[in-house]
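Data first, discussion second: the structure below is written as structure tokens.
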Amino acid sequence: MNLILTTLPDDPAEARRWLDRQLVSTHLPQLAGELAACHDASPAEDSTEDRATDRTAQQVIGEPYSQVLDAGTSVLSDESLAELLTHPELLLSLQADVLTAGGSYWQTIVADESELARRQAGKKQLASWLAEQTSSLSADVPPANLASKHPQQQGSRRLLNVLALAASLLIAGWIGHQTAAPPTVAPAAPTNAIAWGWAKPDALNTTLDRDAYLQSLASAAEAWSKKRPDTPEALAKRISEFRQGCSRLILADHRPLPEADATWLKEKCLAWAKKIDAHLLVLETTGGVATARTAMDTTVEKLVLALRNRTAA
Amino acid sequence: MLPSTDNQPPADTLAEGAESNTEAATEASDRKLAEQVAAGQQPDGNASLAEVAFMALYDRHSQALAAYIARVAHPSAVDDISQDVWRRTWEKLPARKSDSPFRPWLFTVAKNCITDSWRDATRRRAVTLDDTGELTHGDQADVDEGLIDAEVKAALARCIEKLEGRPRAIVTLRWQGSSYEQICQQEQIDHNQAYKAYHHATRQLSDCVKRSNV
């Protein structure tokens with residue numbers, strides 16, 4: 001067993017992000033055990049000792065509690081943070097509320113790489129089971145239903161099904177990446193400290209003029225090719241990180257750009273996002289790294305070119 | 001079947017996706033996905049669509065579900081129970097009331113799976129789930145206390161006891177949220193000493209806990 005507490009960051013802001021990851025992790029009972037041991041071993045304290053006993057996390061945190069449920073522990077005071085760490089049962093109480101009543105922010109937090117890998121493995125396992133279920137569903141359809149009495153109706157129905165499926169894949173892809181795919185992040189404020197591309201915290205430099213802004217976006221996108229992941233998991237993570245940047249661009253207000261350029265950029269981003277979602281879906285469905293990476297390379301090349309061309313326009 | 005990368009999605013599809021940041025839209029899209037899963041399992045339904053919708057629900061809720069299960073199940077059982085929950089969810093979705101929020105309903109399915117798993121194995125933590133499958137709330141301090149991993153607590157406590165006075169004080173202060181500045185002040189040492197002592201002590205503790213085979 002590795003001690004989770006040894007990963008507690010020194011930086012206070014980073015410590016809160018770390019805590020957010022713990023709160024959505026399967027390892028929180030372990031962390032609570034570590035903290036409880038630590039608390040028992042610490043020198044007897046003063047009046048603060050056990051003041052949290054019999055209180056809920058909501059009572060200890062007070063008014064900012066709803067903000068914590070909406071946007072994470074970054075709003076916690078040092079005192080509240082210390083109290084949660086000193087009384088780990090409060091962390092478990094907070095986790096209960098985060099899991100049942102937490103906002104969409106919490107769906108953007110990825111506990112850690114190992115849990116992400118477990119989820120991907122679970123997804124693969126579930127997908128094969130599901131494939132069996134759906135094939136048996138198809139097999140259950142009576143022959144009379146398969147051979148329509150009206151070929152034209154059957155053709156229309158098939159077309160409708162295909163269209164519905166395509167639309168749903170797009171919806172599902174979009175939703176998946178907005179919410180729970182490998183480290184997805186609230187578009188306007190990435191939370192998982194992605195250090196490259198459009199999701200990088202300082203990627204949208206609003207102090208630049210129009211041309212420099214567009215060029216900076218193109219350069220940021222080119223960071224895609226700096227890493228060449230060779231496993232499905234690593235590539236999925238890389239694509240998802242790029243995709244988060246797309247979300248950020250779609251939702252940003254792009255102050256340095258005139259309205260026409262900003263509208264153009266958002267429309268282009270929506271189209272790029274759709275393509276990226278499709279690449280990720282291909283990867284997740286087939287596990288084909290080379291195919292998905294080549295497709296991503298092409299998309300990124302095109303979008304970089306579009307951004308640079310727009311600068312010249 | 002995979003979508004063509006060149007297909008343009010309908011405008012309303014994009015609008016729905018763009019709104020999915022809001023809680024209401026998230027819940028609404030959960031419901032829609034759940035309905036698609038249910039409809040796809042009907043004799044004349046679109047099974048492929050159901051499959052994709054179901055995997056979207058998995059993407060969205062699998063992490064929270066695993067964390068929920070891990071609160072009361074043995075860590076080694078979490079993955080198996082998760083699979084069981086998702087499979088039952090697929091089977092039960094056609095009979096689900098479509099106006100109820102998806103995640104609490106999913107946790108109810110999970111509660112039943114966890115209870116079943118307890119019939120086969122000794123449960124690890126001294127807690128139970130309530131009849132509705134909701135997680136514990138309010139003045140449930142005893143229950144929350146019961147979720148703490150007692151084995152880990154005991155193992156680490158034994159290791160901490162082996163540390164000398166100052167390293168022990170530094171580690172426990174640091175792990176209870178004190179900054180290095182506060183530790184330096186309390187222990188009357190400089191930052192460098194505190195930093196070194198902390199990292200040396202955490203290495204000792206890590207090694208000790210690993211040896212304890214928890």
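As the structure is a prediction and not an experimental result, all values here were calculated from the model. Proteins come first, then strands; the chains are lettered A, B, ... in the order of their sequence lines, and each starts at number 1.
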Most heavy-atom pairs under 4.5 Å with chain B, out of A:C38, A:A57, A:A295, A:A82, belong to A:C38

Check each atom of B:R158 against the heavy atoms of chain A and say whether the ones under 4.5 Å are side chain, backbone, both or neither. neither

For A:D10, is it the side chain, the backbone, both, or neither that has a heavy atom closer than 4.5 Å to a heavy atom of chain B? both

Measuring from atom CZ of B:R103 to atom CD of A:Q107, what distance do you get when rounded to the nearest 0.5 angstrom? 5.0 Å

Turns out that what part of A:L81 lies under 4.5 Å from chain B's heavy atoms comes down to neither

So which of A:L84, A:L5, A:L85, A:L8 has the largest heavy-atom pair count under 4.5 angstrom toward chain B? A:L5

Tell me which of these, A:A131, A:G122, A:A121, A:A32, has more heavy-atom pairs under 4.5 Å with chain B than the rest. A:G122

The interface call for A:A127 against chain B, heavy-atom contacts under 4.5 Å, is both

Got a sec: does the NZ of A:K266 have more than 12 other heavy atoms crowding it under 6.0 Å? yes

Output a table of donor-acceptor pairs, distance under 3.5 Å, between side-chain atoms of residues 196-205 of chain B and any protein atom two or more places apart or on a different chain; print 'none' if there are none.
| unit_1 | atom_1 | unit_2 | atom_2 | d |
| --- | --- | --- | --- | --- |
| B:Y198 | OH | B:W175 | NE1 | 2.8 |
| B:T202 | OG1 | B:Y198 | O | 3.3 |
| B:T202 | OG1 | B:H199 | O | 2.9 |

Of all heavy-atom pairs between B:A157 and A:A37, which one has the smallest distance, and what is that distance? N-CB, 3.6 Å

Kindly indicate whether the side chain of B:Q83, heavy atoms from C-beta on, has any atom under 4.5 Å from the side chain of A:L126. yes

Let's test your reading of the structure: which of B:R87, B:E51, B:M55 forms the most heavy-atom pairs below 4.5 Å with chain A? B:R87

For a quick test of reading the model, state the closest non-hydrogen atom pair linking A:P88 to B:I148 and the distance between them. CG-CD1, 4.2 Å

Heavy atoms, side chains only, cut-off 4.5 Å: are B:D149 and A:E34 in contact? no

Structural part of A:L28 lying under 4.5 Å from a heavy atom of chain B: neither

Would you mind reporting whether A:Q125 and B:D79 have side-chain heavy atoms less than 4.5 Å apart? no

Could you tell me if the side chain of A:L130 sits less than 4.5 Å from the side chain of B:W86, heavy atoms only? no

Given that the side chain runs from C-beta out, which part of A:S25 has a heavy atom under 4.5 Å from chain B: side chain, backbone, both or neither? backbone

Rounded to the nearest 0.5 Å, what separates atom CD in B:E91 from atom CD in A:Q133? 6.5 Å

Between B:Q176 and A:L35, is the side chain to side chain contact (heavy atoms under 4.5 Å, CB included) condition met? List the steps. CA-CA 8 Å; B:Q176 291 182 89; A:L35 288 166; 5.7 Å; no

Side-chain donor/acceptor of B:Y58 to backbone N/O of A:R119, under 3.5 Å: yes

Side chain to side chain contact (heavy atoms under 4.5 Å, CB included) with B:C208: which residues, sequence neighbours excluded? B:C159, B:K162, B:R211

Does A:L99 reach the side chain of B:R71, with side-chain heavy atoms less than 4.5 Å apart? yes

Let's test your reading of the structure: which of B:S212, B:A67, B:G177 forms the most heavy-atom pairs below 4.5 Å with chain A? B:A67

Under 4.5 Å heavy-atom distance to chain A, tell me which part of B:E161 shows up: side chain, backbone, both or neither. neither

Rounded to the nearest 0.5 Å, what's the gap from CD on A:Q120 to OG on B:S62? Could you check? 8.5 Å

Show the nearest heavy-atom pair for residues B:K153 and A:A36, with the distance to one decimal. CD-CB, 3.6 Å

Is A:K123 close to B:D59 at the side-chain level, that is, under 4.5 Å between some pair of heavy atoms? yes

Rounded distance [0.5 Å steps], CG in A:D40 versus OG1 in B:T172: 11.0 Å

Can a donor-acceptor pair be found, under 3.5 Å and without considering hydrogens, that links the side chain of A:E115 to the backbone of B:Q63? no

